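Since this is a predicted model, take the numbers as computed values, not measurements. These numbers come from the heavy atoms of this one structure, side chains and all, not from hydrogens, waters or symmetry mates.
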Amino acid sequence: MSNTTPSADVLDSYFGPAVEVTLSGLRAGDGGPFGATLVDPEGEIVVAVGNTVLRETDISGHAEMVAVREACKKLDTLDLSGHVMYATCEPCPMCVAVMMWAGITTCYYASTHVDAGDNGFSDMHLRRYLDGSDTSTLDMIHLDSGREDCASIWTEFQRLNG
């Protein structure tokens, strides 16, 4: 994948709304210092949102996650292929995953995860877990037998979708 960086005017037009809503949300106590704008393939803004973790008491209320949720509802689709995310800060691994699940293949970001960490928002425990360098933060235990009830879900899924 190779994308050229948009012009400064285009970047301003997409980052501006994210910054505005983020500052407003910070002042209202809605969430942290993170915002995002999601733009459709024609260059129109679908949503511009800030972090809603505190307002919603939802640890997953990161701006990129909120943008994807709101865009999917607004557009009545789970496929955001061709859309572009403009994030005020480098997305965490959770937000990267949700963008990938939604089909978003381009995300421009300004601040880095180091900047976030320097301000009390480190996601290094996630990054280290995912790269395999630290598995002490979560025990993932596969139960490979005795859960036929769980296996039966796949049978029902196939019946309904076969």
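Members clustered with Tyr129: Leu130, Leu138, Met140, by chain and number, using a 4.5 Å side-chain heavy-atom cutoff among hydrophobic residues. Under the 4.5 angstrom side-chain criterion for Ile, Leu, Val, Met, Phe, Trp and Tyr, the cluster partners of Ile141 are Leu143. Cluster partners of Phe34, using a side-chain heavy-atom cutoff of under 4.5 Å among ILVMFWY residues and allowing indirect links, are Phe121.
Residues Tyr109 and Ile104 do not share a hydrophobic cluster, clusters being chains of Ile/Leu/Val/Met/Phe/Trp/Tyr side chains in contact below 4.5 Å. Linking ILVMFWY side-chain heavy atoms closer than 4.5 Å, directly or via other members, places Leu75 and Val39 in two distinct hydrophobic clusters.
Legend: residues meeting side-chain contact (heavy atoms from CB on, under 4.5 Å) with Arg127, ordered by chain and number and at least two apart, are Glu90, Pro93, His113, Asp123, Met124. By the side-chain contact (heavy atoms from CB on, under 4.5 Å) test, Met100 pairs with Val96, sequence neighbours left out. Ser152 pairs by the side-chain contact (heavy atoms from CB on, under 4.5 Å) definition with nothing, not counting sequence neighbours. Under the salt bridge (Lys or Arg N to Asp or Glu O under 4.0 Å) criterion, Glu156 pairs with Arg159, sequence neighbours left out. Residues passing the side-chain hydrogen bond (donor to acceptor under 3.5 Å, both in side chains) test with Ser122: none are found, sequence neighbours excluded. Scored by the side-chain contact (heavy atoms from CB on, under 4.5 Å) test, Asp40 finds Glu42, Glu44, Val46, His83 as partners (sequence neighbours excluded). Considering only residues two or more places apart in sequence or on other chains, Asp76 meets the salt bridge (Lys or Arg N to Asp or Glu O under 4.0 Å) condition with none of them.
Taking all atoms of both residues into account, the shortest heavy-atom contact from Ser60 to Met94 is CA-CE, 3.8 Å. The nearest pair of heavy atoms linking Thr77 to Leu80 is CG2-CD2, 4.2 Å. Between Cys107 and Ala87, the shortest heavy-atom contact is SG-CB, 4.2 Å. The two atoms that bring Thr88 and Ala110 nearest to each other are O-CB, 3.5 Å, heavy atoms only. Counting all heavy atoms, side chain and backbone alike, Glu64 lies closest to Cys89 at OE2-O, 3.5 Å. In terms of heavy-atom proximity, Val49 sits nearest to Thr22 at O-OG1, 4.1 Å.
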Below 3.5 Å, can you tabulate the donor-acceptor pairs from side chains in residues 5-20 to any protein atom, sequence neighbours excluded?
| unit_1 | atom_1 | unit_2 | atom_2 | d |
| --- | --- | --- | --- | --- |
| Ser7 | OG | Val10 | N | 3.2 |
| Ser13 | OG | Val10 | O | 2.7 |
| Tyr14 | OH | Gly43 | O | 2.6 |

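Rounded to the nearest 0.5 Å, atoms NE2 (His125) and OG1 (Thr137) are 7.0 Å apart. Between Lys74 atom NZ and Leu38 atom CG the span is 9.5 Å, to the nearest 0.5 Å. Within the model, atoms CE of Met65 and SG of Cys92 stand 7.0 Å from one another, a figure rounded to the nearest 0.5 Å. Between Asp58 atom CG and Leu54 atom CG the span is 10.5 Å, to the nearest 0.5 Å. With rounding to the nearest 0.5 Å, the separation of CG in Leu160 from OG1 in Thr155 is 11.0 Å. In this structure, CG in Leu26 is found 8.0 Å from CG in Asn51, a value given to the nearest 0.5 Å.
With 3.5 Å as the limit, one finds a donor-acceptor pair spanning the side chains of Ser81 and Asp79. Counting only N and O atoms by type, the side chains of Thr52 and Arg69 include no donor and acceptor under 3.5 Å apart.
Residue pairs satisfying the ring-ring contact (aromatic ring centres under 6.0 Å, His included) criterion with at least one member in residues 43-69, sequence neighbours excluded, are absent.
Within the 4.5 Å cutoff, the side chain of Val47 has no heavy atoms near those of the Val66 side chain.
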